[in-house]
Peer 1: 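Input: one structure, supplied below.
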Amino acid sequence: MAKATLTISSKNYSSWSLRGWLLTKFSGLDFDEIVIAPDDPSARAEILLLSSSILVPCLRHDGATVWDTLAIGEYLNDLMPDAGLLPSERIPRAHCRSICGEIHSGFATLRSSLPVNIKGHFPGFKIWSRAQADIDRVCAIWSDCLEKSGGPFLFGHRSMADAMYAPVVTRFLTYDVQLGPTLAAYAKRIIALPEMQEWIEAARQEPAEIEELEVEY
């Protein structure tokens with residue numbers, strides 16, 4: 001199979017890059033990383049939510065160019081169906097697609113109020129009511145999925161959903177969001193994944209900082 005390339009931006013700040021990277025890792029597709037520096041204008045626009053369209057991450061493979069995280073997940077599921085990025089059964093598969101679509105297009109207040117910052121830690125961070133509503137919705141989604149699947153992941157095994165919600169897990173750790181025992185255990189399980197540990201270590205090695213995301217507000 002032809003080797004792929006995946007263009008990403010900052011591992012410390014970019015939620016979309018993490019999603020695309022995890023999806024590709026979970027699929028088992030061999031790929032090379034192409035990293036855009038965080039101070040690149042297009043990367044900053046994506047990270048700071050200033051871009052009307054998100055062109056990073058971008059997967060290139062065997063003549064295909066795919067730059068939307070949901071499209072990357074669907075492409076990889078078609079390419080590597082045995083990886084199980086989407087559940088094999090119709091109803092769980094529809095459910096998985098629905099919650100992936102929800103995190104892809106929604107939760108704007110959560111994104112802006114609790115930006116991804118893996119190196120950061122802000123205990124006692126003030127969470128406004130609109131952001132709390134987003135947090136509550138995420139917790140409801142996780143609880144429902146774990147109850148229906150029996151765990152240990154949202155659909156039993158690692159799937160597109162876990163990759164799409166992994167940046168939220170990092171947000172909850174960064175901003176000290178308190179979770180009940182079941183959801184806290186799920187969050188720890190995501191962070192403990194070898195792929196997540198690899199990403200986190202690389203994020204900690206990034207020298208660049210984006211000042212707008214380093215302010216405790």
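Heads up: numbering here begins at 1 and tracks the sequence. Computed from heavy atoms alone, side chains included, the values below leave out hydrogens, waters and symmetry copies.
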Peer 1: Determine yes or no for a side-chain-to-main-chain donor-acceptor pair under 3.5 angstrom, with Thr170 supplying the side chain and Pro167 the backbone.
Peer 2: yes
Peer 1: Does any part of the side chain of Leu114, heavy atoms only, come nearer than 4.5 Å to the side chain of Trp128, both counted from C-beta?
Peer 2: no
Peer 1: So how far is it from Leu59 CG to Leu76 CG, rounded to the nearest 0.5 Å?
Peer 2: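 So the CG of Leu59 and the CG of Leu76 are separated by 5.5 Å.
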Peer 1: Please check if any side-chain donor atom of Gln205 sits under 3.5 Å from a side-chain acceptor atom of Glu201, or the reverse.
Peer 2: yes
Peer 1: Are the side chains of His61 and Leu79 in touch, meaning some heavy atoms are under 4.5 Å apart?
Peer 2: yes
Peer 1: Taking the side chain as C-beta and beyond, is there a heavy-atom pair between Val35 and Ser9 under 4.5 Å?
Peer 2: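 With C-beta onward as the side chain, the pair stays apart.
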Peer 1: Please check this pair: side chain of Asp78 against backbone of Tyr75, looking for a donor-acceptor N/O pair closer than 3.5 Å.
Peer 2: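 Looks like no, no N/O pair under 3.5 Å.
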Peer 1: Look at the side chain of Ser149 and the backbone N and O of Cys145, then say whether any donor-acceptor pair between them is shorter than 3.5 Å.
Peer 2: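 Here the side-chain-to-backbone pair exists.
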Peer 1: Just so I know, are the side chains of Phe107 and Ile135 near enough to count as touching, which here means a heavy-atom distance under 4.5 Å?
Peer 2: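 No. Closest side-chain heavy atoms not under 4.5 Å.
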Peer 1: Is there a side-chain contact between Glu89 and Pro92 in this structure, where contact means two heavy atoms from C-beta onward sitting under 4.5 Å apart?
Peer 2: yes
Peer 1: Of all heavy-atom pairs between Leu179 and Ala187, which one has the smallest distance, and what is that distance?
Peer 2: CD1-CB, 4.2 Å
Peer 1: Nearest heavy-atom pair of Gly20 and Thr69: which atoms, and what distance?
Peer 2: N-CG2, 4.1 Å
Peer 1: Could you tell me whether the side chain of Cys58 reaches within less than 4.5 Å of the side chain of Val56, counting heavy atoms only?
Peer 2: no
Peer 1: Examine distances only and state if a side-chain atom of Tyr165 and a backbone atom of Ile99 form a donor-acceptor pair shorter than 3.5 Å.
Peer 2: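 It does hold such a pair.
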Peer 1: Would you confirm whether Ser112, through its side chain, and Thr109, through its main-chain N or O, come within 3.5 Å as a donor-acceptor pair?
Peer 2: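 The answer is yes, because a donor-acceptor pair under 3.5 Å joins these two groups.
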Peer 1: For the residue pair Arg111 and Trp16, what are the closest heavy atoms and their distance?
Peer 2: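 Distance-wise, the nearest heavy atoms are NH1-CZ2, 3.6 Å.
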Peer 1: Checking Arg60 now: which residues fulfil salt bridge (Lys or Arg N to Asp or Glu O under 4.0 Å) with it, not counting sequence neighbours?
Peer 2: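 Scan of Arg60 (salt bridge (Lys or Arg N to Asp or Glu O under 4.0 Å), adjacent residues dropped) gives none.
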Peer 1: Filter on salt bridge (charged side-chain N to carboxylate O under 4.0 Å, His left out), then keep only pairs touching residues 6-35, sequence neighbours left out; what's left?
Peer 2: Lys3-Asp30, Lys3-Asp32, Lys11-Glu33, Lys25-Glu198
Peer 1: Going by the angle between their ring planes, with limits at 30° and 60°, are Phe122 and Tyr175 parallel, tilted or perpendicular?
Peer 2: parallel
Peer 1: Can you list everything that forms a side-chain hydrogen bond (donor to acceptor under 3.5 Å, both in side chains) with Lys188? Sequence neighbours excluded, please.
Peer 2: none
Peer 1: If you measure from CE on Met160 to CG on Leu22, what distance do you get to the nearest 0.5 Å?
Peer 2: 12.5 Å
Peer 1: Show the numbers, then the answer: is there a ring pair (Phe, Tyr, Trp, His ring centres under 6.0 Å) between Phe155 and His95?
Peer 2: CA-CA 9 Å; Phe155 288 86; His95 186 196; 5.3 Å; yes
Peer 1: Which value, rounded to the nearest 0.5 Å, describes the distance between Phe125 atom CZ and Asp176 atom CG?
Peer 2: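 Rounded to the nearest 0.5 Å, the CZ-CG separation comes to 11.0 Å.
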Peer 1: Is there a side-chain contact between Thr7 and Pro57 (heavy atoms, below 4.5 Å)?
Peer 2: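 Answer no - side chains too far apart.
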Peer 1: Would Arg158 pass as a cation-pi partner of Phe153, given that its NZ or CZ must be under 6.0 Å from the six-membered ring centre and within 45 degrees of the axis?
Peer 2: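 The answer is no, since Arg158 fails at least one limit relative to Phe153.
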Peer 1: Report the distance from atom CZ of Arg189 to atom CG of Leu154, rounding to the nearest 0.5 Å.
Peer 2: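 So the CZ of Arg189 and the CG of Leu154 are separated by 9.5 Å.
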Peer 1: Taking C-beta and beyond as the side chain, do Trp199 and Asn12 meet within less than 4.5 Å on heavy atoms?
Peer 2: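 In short, these two side chains do not touch, never coming nearer than 4.5 Å.
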Peer 1: Any salt bridge between Lys119 and Glu206, counting N to O under 4.0 Å?
Peer 2: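 No salt bridge links Lys119 with Glu206.
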Peer 1: Would you say the side chains of His104 and Asp68 form a donor-acceptor pair under 3.5 Å?
Peer 2: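 Judged by distance alone, the side chains do pair up.
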Peer 1: Could you tell me whether Asp134 and Arg130 have a side-chain N and a carboxylate O separated by less than 4.0 Å?
Peer 2: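 No, no charged N to carboxylate O under 4.0 Å.
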Peer 1: Without swapping roles, check the side chain of Thr174 against the backbone of Arg171 for a donor-acceptor pair under 3.5 Å.
Peer 2: no
Peer 1: When rounded to the nearest 0.5 angstrom, what distance separates CZ in Arg137 from CD1 in Ile103?
Peer 2: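 Result: 10.0 Å between the selected atoms.
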Peer 1: Measure across Leu29 and Ala4 and return the closest heavy-atom pair with its distance rounded to 0.1 Å.
Peer 2: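 So the minimum-distance heavy-atom pair works out to CD2-CB, 3.7 Å.
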Peer 1: How many angstroms lie between SG in Cys96 and CG in Leu85, if you round to the nearest 0.5 Å?
Peer 2: 8.5 Å
